[in-house]
Amino acid sequence: MEKKKIAFVTDTTVYLTEELRSHPDVYVVPMVVIAEGKEYEDGADLSTDQLYDIIRENKEVPKTSQPSVGRFKDLYEKLKEDYDHAIAIHVSSKLSGTISSSTAGKNQADFDVEIIDSLSLSFAITMLIEKGIKLAEQDVDTDIIANELRKEISRSQNLILLGSLEQLYKGGRMSGAQFLLGNLLQIKPILSINSGGELGIYERVRSEKKATKKLVALLKQSCDENEVTQVGIMQGNAIERAKELKQMIEQAIPGIEIIVGDISSSLAVHAGEGTLAIFWNPKK
């Protein structure tokens, strides 16, 4: 029997390793970034460096929008010509309407697509795609792959250290008093996307140094309690701090594989410059 061909579809909140970037079966639909009255396709028309310049120079914070239904419909109609199935893994439905667009596009194209809510973003999606590809190479059925990935999602962990309170303030997510108090006290909020896919404050820590140490301590605790083989450090124009965090993790957890990558423009809009985030999947 001929092996079934499976395409993997995602959006630009994902972090793409070099291997995934060049993989012939991986397709990425760009999020839309709205800045200075113009619409840009994330990763195509707007680089993260350009976005950070816009954020620094303008009072109005850029916004993001999900890809259109038509964009997904066109992709799925194209994939129908070469693939038997597709698995689409997207940013949490609690953070974006991307899954709705992807589902509507699938229905209009009348193509067999397993739509998966990652309940997360960035490197969490990366790990899911990598696992999905490995299972597909073993000729595992699409529905079984989807079920395995959903099990993986239930174990996913993350911690996000915001680079700047100013971005939350400019985006209307923090009052002027909170912003002023936070800056005066040097408060660094650690955020986390919970098991329901919602973003919230995990802990408030005084000073960036303490917050970074807290990230490492929480990761080590998870590693001590469960088997963790890989962690992704995602950074927003903070490569030196990401390297320091990598060294701290290497010292605390010898032997763990560490991937360092960038957060996309569509995430940088909300997280801000200087953000650090870690993602990992305990095996148990």
Do the side chains of [X] and [Y] get close enough for a salt bridge, i.e. N-O under 4.0 angstrom?
{"X": "Arg155", "Y": "Glu152", "value": "yes"}
{"X": "Asp224", "Y": "Lys220", "value": "yes"}
{"X": "Arg150", "Y": "Glu114", "value": "yes"}
{"X": "Glu244", "Y": "Arg241", "value": "no"}
{"X": "Lys134", "Y": "Glu148", "value": "no"}

To the nearest 0.5 Å, tell me how far [X] [atom1] sits from [Y] [atom2].
{"X": "Lys5", "Y": "Asp82", "atom1": "NZ", "atom2": "CG", "result": "5.5 Å"}
{"X": "Lys151", "Y": "Asn281", "atom1": "NZ", "atom2": "CG", "result": "14.5 Å"}
{"X": "Glu203", "Y": "Lys210", "atom1": "CD", "atom2": "NZ", "result": "11.5 Å"}
{"X": "Asn158", "Y": "Ile278", "atom1": "CG", "atom2": "CD1", "result": "8.5 Å"}
{"X": "Lys94", "Y": "Ser92", "atom1": "NZ", "atom2": "OG", "result": "6.5 Å"}
{"X": "Ile125", "Y": "Leu149", "atom1": "CD1", "atom2": "CG", "result": "12.0 Å"}

Should we count [atom1] of [X] as having more than 12 external heavy atoms under 6.0 Å?
{"X": "Tyr202", "atom1": "OH", "result": "no"}
{"X": "Lys38", "atom1": "NZ", "result": "no"}
{"X": "Lys80", "atom1": "NZ", "result": "yes"}
{"X": "Lys213", "atom1": "NZ", "result": "no"}

**Report entry** Closest heavy-atom pair and its distance - Tyr76, Gly105
**Finding:** CD1-C, 3.7 Å

**Report entry** Positive for side-chain contact (heavy atoms from CB on, under 4.5 Å) with Leu95, one of Thr13, Ile193, Thr64
**Finding:**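 It is Ile193; the other options fail the test.
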
**Report entry** Partner of Glu273 by side-chain contact (heavy atoms from CB on, under 4.5 Å), out of Asn237, Thr48, Ile263
**Finding:**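 Of the listed options, the one satisfying the test is Asn237.
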
Query raised in the report: Mind checking whether Tyr27 and Tyr83 have parallel, tilted or perpendicular rings, split at 30° and 60°?
Result: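 Perpendicular.
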
Query raised in the report: Relative to each other, are the rings of His90 and Phe72 parallel, tilted or perpendicular (30° and 60° limits)?
Result: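 Because their plane-to-plane angle is over 60°, the rings of His90 and Phe72 count as perpendicular.
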
Any side-chain to backbone donor/acceptor pair from [X] onto [Y]? Under 3.5 Å, distance only.
{"X": "Thr103", "Y": "Ser100", "result": "no"}
{"X": "Ser222", "Y": "Leu218", "result": "no"}
{"X": "Thr10", "Y": "Ile89", "result": "yes"}
{"X": "Ser101", "Y": "Pro67", "result": "yes"}
{"X": "Asn194", "Y": "Gly196", "result": "yes"}
{"X": "Lys73", "Y": "Gln108", "result": "no"}
{"X": "Glu227", "Y": "Lys283", "result": "no"}

ILVMFWY network linking [X] to [Y], side-chain heavy atoms under 4.5 angstrom:
{"X": "Leu245", "Y": "Ile256", "answer": "yes"}
{"X": "Ile87", "Y": "Leu135", "answer": "yes"}
{"X": "Leu267", "Y": "Met234", "answer": "yes"}
{"X": "Ile253", "Y": "Leu215", "answer": "yes"}
{"X": "Ile190", "Y": "Leu276", "answer": "yes"}

Report task. Apply the test side-chain contact (heavy atoms from CB on, under 4.5 Å) to residues Leu51 and Val269: give CA-CA distance (whole Å), side-chain angles for both, the deciding distance (0.1 Å), then the verdict. Result -> CA-CA 8 Å; Leu51 178 67; Val269 165; 3.7 Å; yes

Query raised in the report: Could you go step by step and tell me if Lys106 and Ile115 meet the side-chain contact (heavy atoms from CB on, under 4.5 Å) rule?
Result: CA-CA 9 Å; Lys106 155 198 158 175; Ile115 307 285; 4.1 Å; yes

Requested in this report: Just do the side chain to side chain donor-acceptor pair (under 3.5 Å) check on Ser264 and Ser266 with the steps written out, would you?
Outcome: CA-CA 5 Å; Ser264 67; Ser266 52; 3.0 Å; yes

Query - Candidate pair Trp280 and Leu159, rule side-chain contact (heavy atoms from CB on, under 4.5 Å), full reasoning - result: CA-CA 9 Å; Trp280 72 99; Leu159 292 167; 3.9 Å; yes

Under 4.5 Å between any side-chain heavy atoms of [X] and [Y], yes or no?
{"X": "Ile153", "Y": "Ser120", "value": "no"}
{"X": "Tyr40", "Y": "Pro30", "value": "no"}
{"X": "Glu257", "Y": "Thr229", "value": "no"}
{"X": "Leu199", "Y": "Ile160", "value": "yes"}

Report task. Verify whether one side chain among Asp117 and Ser93 offers a donor that lies under 3.5 Å from an acceptor in the other. Result -> yes

Query raised in the report: Cut-off 3.5 Å, side chains only: do Asp262 and Gln235 have a donor facing an acceptor?
Result: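 Yes, side-chain donor-acceptor contact under 3.5 Å.
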
Report task. Before giving the answer on side-chain contact (heavy atoms from CB on, under 4.5 Å), spell out for Ile259 and Tyr15 the whole-Å C-alpha distance, their side-chain angles and the decisive distance to 0.1 Å. Result -> CA-CA 10 Å; Ile259 308 295; Tyr15 168 68; 4.0 Å; yes

